[in-house]
J.: 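Input: one structure, supplied below.
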Amino acid sequence: MEEKIIKEIIVDTNNIRLDVFLADSFKEFSRAKIQKHIKEGNVLVNGKVEKGSYKIFEGDIIKFIDVKEDIVIAPNDIDLDILFEDDDLIVINKQKDLLTHPTSKQNNNTLVNALLFHCGKLSNIDGDILRQGIVHRLDKNTAGVMVCTKTNEAHINLAQQIKNKSAIRKYKAVVFGEFSEDEGVINSPLRRSLKETVKMSVTTKDDIAGKNAITHFKVLERFSGATYIELELKTGRTHQIRAHMSSISHPVVGDSLYGAKGFRHKILDKIKTREQVLQSFYLKFAHPISGDIMEFELPEDKWDKDIINVLKSLREKQ
């Protein structure tokens, strides 16, 4: 059964391609599907059909007509490392190679599929079945602690804690290069890249399309040509840590999307990793129902093997 869904957007940015804007606004759709909708006349700009390359500006009105088929997200029996669970939420240690939620390209074998199998029911804000239970996400190849919700009440509360910065999320990473400072703050807005829509780019504060993004970092251990750091997110933008570290010429080791291939290192070049060496290790928030403070710090023996192997090799051979 098909249903026509008409979504209307008032543009809040300037001089950006129509297809790029839509890809940023509707992340559930692939770039190819968006192009198909544009070519088939399902996208109107101020009442007219335009090409994907058409430049849009603030105040333009876009109508996006999506022919929505019934979507079924099937439960998948995938092992989960559960750190805590009750009737309202579940805290897990997500493994690498696992997408957080289904996309237009992959409908199975994601964390949402696994949670549906284990929990039976998840929060479902605004009827978004692709992102059931997902309050915040980790990239496919980022491992570690994350919280998911079973009820809408818990979801709304936790989302607000993340928005007002009372929830604390910390990561550890190995990055290329050496720092002169012991700690720092990257306060640079992020927007979808105009050249590669799968990538985020630092932009200026007066760019309407840019979204506020703040990352704190501190040096934990120094090596020749590499540094072990701790990071704390004050905002939660897509690829925030990866894009921010790349923007200051310290890409995360293994992160091919954000420039790691441009760095050579006599030790790290010999270590094969599954993309970025980035570990979510700490999460703190107030329980959305009881108000109790929930704190989770992942011990090193539960970290992904990539960061463990990289640190071991650097420490042995420095």
Side-chain angles (χ1 to χ4, degrees), residues 25-28 71-96 98-103 106-140 142-171 211-215 231-241 278-299 302:
S25 300
F26 301 106
K27 295 183 177 66
E28 65 269 31
I71 300 174
V72 177
I73 305 300
N76 294 158
D77 187 2
I78 300 171
D79 288 339
L80 293 174
D81 184 3
I82 299 170
L83 306 179
F84 174 85
E85 182 179 12
D86 64 11
D87 291 339
D88 305 295
L89 56 85
I90 181 170
V91 180
I92 64 158
N93 175 23
K94 187 188 86 70
Q95 61 264 47
K96 270 196 175 187
L98 183 66
L99 275 177
T100 295
H101 58 75
T103 67
Q106 182 175 333
N107 204 31
N108 281 294
N109 298 313
T110 73
L111 176 59
V112 167
N113 299 101
L115 289 170
L116 283 172
F117 183 90
H118 177 80
C119 304
K121 188 177 181 181
L122 301 169
S123 61
N124 186 10
I125 299 297
D126 297 326
D128 187 353
I129 67 168
L130 296 180
R131 293 176 174 81
Q132 295 175 73
I134 304 303
V135 184
H136 68 116
R137 59 183 289 277
L138 295 179
D139 296 331
K140 177 181 178 180
T142 297
V145 187
M146 65 181 294
V147 59
C148 303
T149 51
K150 298 181 180 181
T151 68
N152 286 355
E153 183 180 3
H155 187 124
I156 292 167
N157 182 286
L158 281 171
Q160 186 60 39
Q161 290 186 52
I162 292 172
K163 184 177 180 180
N164 66 25
K165 303 178 179 59
S166 60
I168 299 174
R169 293 166 291 162
K170 294 182 181 180
Y171 297 73
K211 294 182 179 179
N212 182 41
I214 303 171
T215 305
L231 305 111
E232 182 177 345
L233 290 178
K234 293 299 182 181
T235 53
R237 307 304 178 198
T238 300
H239 298 178
Q240 180 173 315
I241 288 173
L278 178 61
Q279 177 76 48
S280 168
F281 81 98
Y282 181 89
L283 181 61
K284 183 179 180 181
F285 57 88
H287 191 283
I289 307 302
S290 69
D292 294 339
I293 299 301
M294 312 288 288
E295 187 174 22
F296 302 89
E297 183 165 358
L298 206 60
K302 279 183 166 285

J.: Can you list the steps and then say if K284 with I293 is a side chain to side chain contact (heavy atoms under 4.5 Å, CB included)?
T.: CA-CA 7 Å; K284 183 179 180 181; I293 299 301; 3.6 Å; yes
J.: Let me confirm one number: the OG-NZ distance from S280 to K170, rounded to the nearest 0.5 Å.
T.: 12.0 Å
J.: Checking L130 against V112 for the side chain to side chain contact (heavy atoms under 4.5 Å, CB included) test, could you report, in this order, the C-alpha distance in whole Å, the side-chain angles of both residues, the deciding distance, and whether it holds?
T.: CA-CA 8 Å; L130 296 180; V112 167; over 6 Å; no
J.: Please list, chain by chain and in numerical order, all residues satisfying salt bridge (charged side-chain N to carboxylate O under 4.0 Å, His left out) with K150, sequence neighbours excluded.
T.: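 Applying salt bridge (charged side-chain N to carboxylate O under 4.0 Å, His left out) to K150 gives E85.
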J.: Do side-chain atoms of N76 reach the backbone of N109 as a donor and acceptor pair under 3.5 angstrom?
T.: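 Yes, N76 side chain to N109 backbone: donor-acceptor pair under 3.5 Å.
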J.: Please confirm whether the backbone N or O of A154 pairs with a side-chain atom of N157, one donor and one acceptor, at under 3.5 Å?
T.: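 Here the side-chain-to-backbone pair does not exist.
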J.: Taking side chain to side chain donor-acceptor pair (under 3.5 Å) as the test, write out the residues that go with E232, two or more places apart.
T.: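 Expected list: K234.
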J.: Output all residues satisfying salt bridge (charged side-chain N to carboxylate O under 4.0 Å, His left out) with R237, sequence neighbours left out; order by chain, then residue number.
T.: none
J.: Do the side chain of N93 and the main chain of K302 share a donor and acceptor less than 3.5 angstrom apart?
T.: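 Such a contact is found between N93 side chain and K302 backbone.
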J.: Side chain to side chain contact (heavy atoms under 4.5 Å, CB included) between I78 and Q95: does it pass, once the steps are laid out?
T.: CA-CA 11 Å; I78 300 171; Q95 61 264 47; 4.0 Å; yes
J.: I'd like to know if the side chain of K94 reaches the main chain of K140, judged simply by a donor and an acceptor atom lying under 3.5 Å from each other, with no hydrogens or angles considered.
T.: yes
J.: Which residue, T149, N124, D88, forms the side chain to side chain donor-acceptor pair (under 3.5 Å) with H155?
T.: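 Looking at T149, N124, D88, the match for H155 under the side chain to side chain donor-acceptor pair (under 3.5 Å) is T149.
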J.: Checking H101 side chain against Q132 main chain: does a donor-acceptor pair fall under 3.5 Å?
T.: no
